[in-house]
Amino acid sequence: MELNNRLILGIESSCDDTAVAITRGFKVVASVINSQDVHEQFGGVVPEMASRSHIERMIPTLTEALKEAKVTLSEIDGIAFTQGPGLMGSLVVGTSFAKGLAMALNKPLVAVNHLHAHILSHFIQEEGMVAPVFPYLCLTVSGGHTQLVLVKSPMEMEILGKTIDDAAGEAFDKAGKMLGLPYPAGPVIDQLAEKGNPNRFTFSIPRIAALDFSFSGLKTSILYFLKKATSENPLFIETHLFDLCASIQEAINTALIQKLKEAQKATGLSCIAISGGVSANQGLRNKLNEWKTQDPTLSLHVTHKKYCTDNAAMIAVTGNFLFEMGSFATQKVAANARLPF
Ligand code: KG4
Ligand code: ZN
């Protein structure tokens with residue numbers, strides 16, 4: 001889709017990644033992600049440290065993005081930023097920075113919902129990526145959210161199902177913590193699982209009604225399993241790490257794919273997309289490919305792995321859609337940690 005040639009500056013600061021991107025139309029001309037490493041030692045994101053780190057990283061990240069894109073701030077047509085949902089302190093840094101820039105440069109400002117941006121990340125124009133066609137079904141699987149969404153248009157979206165407790169990424173991270181893996185554990189489990197047998201151990205994920213998900217039971221299932229196994233063999237985790245990772249990943253991905261298939265059946269849509277950090281998971285991608293082999297009428301969309309996890313290119317592209325619709329924010333706009341979908 002070629003909407004326009006507009007230069008949009010995107011700013012993302014909803015969690016622990018300080019990211020700035022510049023897009024021209026739907027093409028990414030710069031995308032810089034400054035991941036904060038201060039949280040690793042704590043096994044999770046420490047909100048106060050995240051906001052302080054955003055303050056330190058924002059200007060250097062912007063400078064790098066401008067250099068990469070070979071443009072100056074005066075050439076930018078509009079500024080898009082993540083208004084929410086996310087960590088309040090982190091969002092305040094990005095929001096204030098975007099508002100300040102818009103005021104100083106006298107440029108239009110666009111407030112983006114982070115979850116809409118994950119869903120619309122599929123419109124980034126890049127080799128190897130084909131944009132979905134509206135209406136499509138999108139499974140968003142991130143560290144904070146797990147949602148099945150009917151996407152009717154860039155701004156008309158309906159949640160068909162969601163997690164009633166932990167998000168899929170959270171399930172990966174909590175499982176990894178029990179295995180002694182660093183945070184975020186999702187990508188580490190993904191790598192280790194490649195060498196393991198997904199059918200070696202069985203972890204149960206309860207099936208719940210409708211198109212909703214529940215992942216909190218997985219923690220308990222893993223905890224009791226590991227307690228028993230390590231009491232018999234203290235080196236159990238080290239000895240079986242690959243198989244444990246593969247089996248945990250298999251349990252999560254099976255639950256995700258089952259619901260996605262049910263949603264596809266219920267809606268009759270043939271255009272399906274997955275987005276969010278967990279959509280980078282190779283096991284999940286393999287399951288999607290198997291589904292496509294069974295049903296070639298499906299049109300399946302995954303983004304480049306660099307656009308699955310938090311990034312500012314998806315904020316800029318979503319900002320461009322909003323810009324096109326004339327949906328601008330004023331200087332009164334405020335960060336909202338619980339921004340409604
Ligand atoms: O979308 P995202 O970057 O941030 C949120 O909006 O939450 O998602 C982060 C989540 C983390 O829980 C991380 O462990 C998970 O995505 N993740 C993965 C992979 N890459 C990131 N989970 C499984 N496999 C991966 N390759
Ligand atoms: Zn995200």
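Below, each value reflects all heavy atoms present in this structure, side chains not excepted, and no hydrogens, waters or symmetry copies. Start at 1 and go down the list; that is how both ligands and their atoms are numbered.
- Here the protein heavy atom with the shortest distance to atom 22 (N) of ligand 1 is Gly186 CA, 3.3 Å.
- With hydrogens and angles disregarded, a donor-acceptor distance shorter than 3.5 Å links the side chain of Thr146 to the backbone of Ala168.
- Here's the thing with Gly276: none of its N/O atoms is less than 3.5 angstrom from an N/O atom of ligand 1.
- Between Phe203 and Tyr224, the ring center distance fails the sub-6.0 Å criterion.
- At a heavy-atom distance under 4.0 Å, no atom of Gln282 approaches ligand 1.
- Taking the N/O/S atoms of Asp310 in turn, the shortest distance to the Zn ion (ligand 2) belongs to OD1.
- More than 12 heavy atoms of other residues, nucleotides or ligands shown are found within 6.0 angstrom of NZ on Lys107.
- Within a 6.0 Å radius of NZ in Lys305, other residues, nucleotides and ligands contribute more than 12 heavy atoms.
- Counting heavy atoms under 4.0 Å from ligand 1, residue Val278 touches it through both backbone and side chain.
- In this structure, the side chain of Asp190 does not engage the main chain of Ala193 through any donor-acceptor pair within 3.5 Å.
- Residue-ligand proximity, Ala280 to ligand 1, at heavy-atom distances under 4.0 Å covers atoms 26 (N).
- Residue contacts with ligand 1 include Pro187, since one of its heavy atoms falls under 4.0 Å from the ligand.
- No more than 12 heavy atoms of other residues, nucleotides or ligands lie within 6.0 Å of CE in Met103, so this atom counts as exposed by the packing criterion.
- For NZ of Lys162, the number of neighbouring non-hydrogen atoms (other residues, nucleotides, ligands) closer than 6.0 Å is 12 at most.
- In the vicinity of Gly144, heavy-atom distances shorter than 4.0 Å reach the ligand 1 atoms 7 (O).
- Here the two rings, on Tyr183 and Phe172, have centers that are 6.0 Å apart or farther.
- The part of His118 lying near ligand 1 is the side chain, judged by heavy-atom distances below 4.0 Å.
- For ligand 1 and Thr309, the ligand atoms under 4.0 Å from any heavy atom of the residue are 3 (O), 21 (C).
- The neighbour count for Arg285 CZ, taken as heavy atoms of other residues, nucleotides or ligands under 6.0 Å away, is above 12.
- The distance from the Zn ion (ligand 2) to the nearest N/O/S atom of His118 is under 2.8 Å.
- Taking the six-membered ring wherever Trp is involved, the centroid distance between the rings of Phe97 and Phe81 does not fall below 6.0 Å.
- Numbered from 1 in the order shown, with element, the atoms of ligand 1 that lie under 4.0 Å from a heavy atom of His114 read 6 (O).
- Considering both main-chain and side-chain atoms, Asp173 comes within under 3.5 Å of ligand 1 through a nitrogen or oxygen pair.
- In summary, an N, O or S atom of His114 is located under 2.8 Å from the Zn ion (ligand 2).
- Residue Pro184 has no nitrogen or oxygen atom sitting less than 3.5 Å from a nitrogen or oxygen atom of ligand 1, judged on distance alone.
- The proximity of Asp190 to ligand 1, defined as any non-hydrogen pair under 4.0 Å, is limited to the side chain.
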Let me see the working for Phe236 and Phe201 under ring pair (Phe, Tyr, Trp, His ring centres under 6.0 Å), right down to the final yes or no.
CA-CA 13 Å; Phe236 183 84; Phe201 305 110; 5.7 Å; yes

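- For Asn199, the CG atom counts as densely surrounded, since its 6.0 Å shell holds more than 12 non-hydrogen atoms of other residues, nucleotides or ligands.
- For atom 24 (N) of ligand 1, the closest non-hydrogen atom of the protein is Asn281 ND2, 3.0 Å.
- Of all protein heavy atoms, the one closest to atom 20 (N) of ligand 1 is Gly277 O, 3.3 Å.
- A ring-centre distance under 6.0 Å is not found for Tyr307 and His122.
- Listed by atom number, the atoms of ligand 1 under 4.0 Å from Gly169 heavy atoms are 12 (O).
- With Asp17, Leu181, Asp310, Thr140 as candidates, the residue nearest to atom 3 (O) of ligand 1 on a non-hydrogen basis is Asp310.
- Looking only at heavy atoms of the protein, atom 9 (C) of ligand 1 is closest to Gly143 N, 3.7 Å.
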